[in-house]
Amino acid sequence: MEYWNTYKTKIGTIIIVEKENKISRIETIKASEEYPNGEKIETPLIKEAYKQISKYLEGKRKEFTLPLLIKGTKFQEKVWNALLQIPYGETRTYGEIAKQIGNEKASRAVGGANHNNPIMIVVPCHRVIGSNKKLVGYAGGLDIKETLLKLEQQ
């Protein structure tokens, strides 16, 4: 069974989804988007995830302590696990992540995995930038990526 709830934040409305007693999805949503199957309820875990994200967005939290259910292809999971190793306030390029996971020619595929990251902020895909050190691609929008990176630089 999946449980979910939505919250208004300074980066827009987010949805937090819990499955198998773990966080399985966090993303921004628009009012017109459909919500997932399951039950709309604020479970203790969803409430804790929102609390940690709120503190992060206030600049008062640098790490998350949430159980995560990260499901994708083996390649995506390698990329997402590499993202979890990028320290707060730092960035990596797509090429650096590709090299880190042992496939240095896969920077475009790393970008694809980044785009499909189901757990924004907590799995920090916003910390990945282009080889020219510019902001490129972010499923939540470049304005949100820029906001998150600026927050981490303070």
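The analysis underlying the following values was restricted to heavy atoms, covering all of them including side chains, and did not include hydrogens, waters or symmetry mates.
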Review item, side-chain donor-acceptor pairs of residues 77-84, under 3.5 Å, at least two apart:
from: Glu77; atom 1: OE2; to: Gly72; atom 2: N; distance (Å): 3.0
from: Trp80; atom 1: NE1; to: Ala113; atom 2: O; distance (Å): 2.8
from: Asn81; atom 1: ND2; to: Glu77; atom 2: O; distance (Å): 2.9

Worked check of salt bridge (Lys or Arg N to Asp or Glu O under 4.0 Å) between Arg92 and Glu90 = CA-CA 7 Å; Arg92 300 290 184 273; Glu90 293 185 22; 3.1 Å; yes
inquiry  = So, using ring-ring contact (aromatic ring centres under 6.0 Å, His included) as the criterion, who are the partners of Tyr56 when residues are at least two apart?
reply    =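 Per chain and number, Tyr56 pairs via ring-ring contact (aromatic ring centres under 6.0 Å, His included) with Phe64.
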List the atom pairs, donor and acceptor, that lie under 3.5 Å between side-chain atoms in residues 19-26 and the rest of the protein, sequence neighbours left out.
from: Arg25; atom 1: NE; to: Glu27; atom 2: OE2; distance (Å): 2.9
from: Arg25; atom 1: NH2; to: Glu27; atom 2: OE2; distance (Å): 2.7

message = With side-chain contact (heavy atoms from CB on, under 4.5 Å) as the criterion, how do Val122 and Leu66 come out once you've worked through the C-alpha distance, each side chain's angles and the decisive distance to 0.1 Å?
response = CA-CA 9 Å; Val122 177; Leu66 299 166; 4.1 Å; yes
key: Sole residue of Tyr7, Tyr50, Tyr3 in side-chain hydrogen bond (donor to acceptor under 3.5 Å, both in side chains) with Glu42   = Tyr7
Audit row: Leu68, Ile119, side-chain contact (heavy atoms from CB on, under 4.5 Å) steps and yes/no = CA-CA 9 Å; Leu68 303 178; Ile119 307 176; 4.2 Å; yes
ask   = So do the side chains of Ile11 and Met120 get within less than 4.5 Å of each other, counting heavy atoms only?
value =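 Ile11 reaches Met120 side chain to side chain.
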request  = May I have the step-by-step check of side-chain contact (heavy atoms from CB on, under 4.5 Å) for Asn37 and Trp4, ending in yes or no?
outcome  = CA-CA 9 Å; Asn37 296 326; Trp4 58 273; over 6 Å; no
key: Exercise: do Glu48 and Gln52 side chains pair donor with acceptor under 3.5 Å   =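 Yes.
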message = For Glu58, I'd like to know if atom CD has over 12 heavy atoms of other residues, nucleotides or ligands within 6.0 Å.
response = yes
key: Worked verdict on Gln76 versus Ile70 for side-chain contact (heavy atoms from CB on, under 4.5 Å)   = CA-CA 9 Å; Gln76 288 173 327; Ile70 307 175; over 6 Å; no
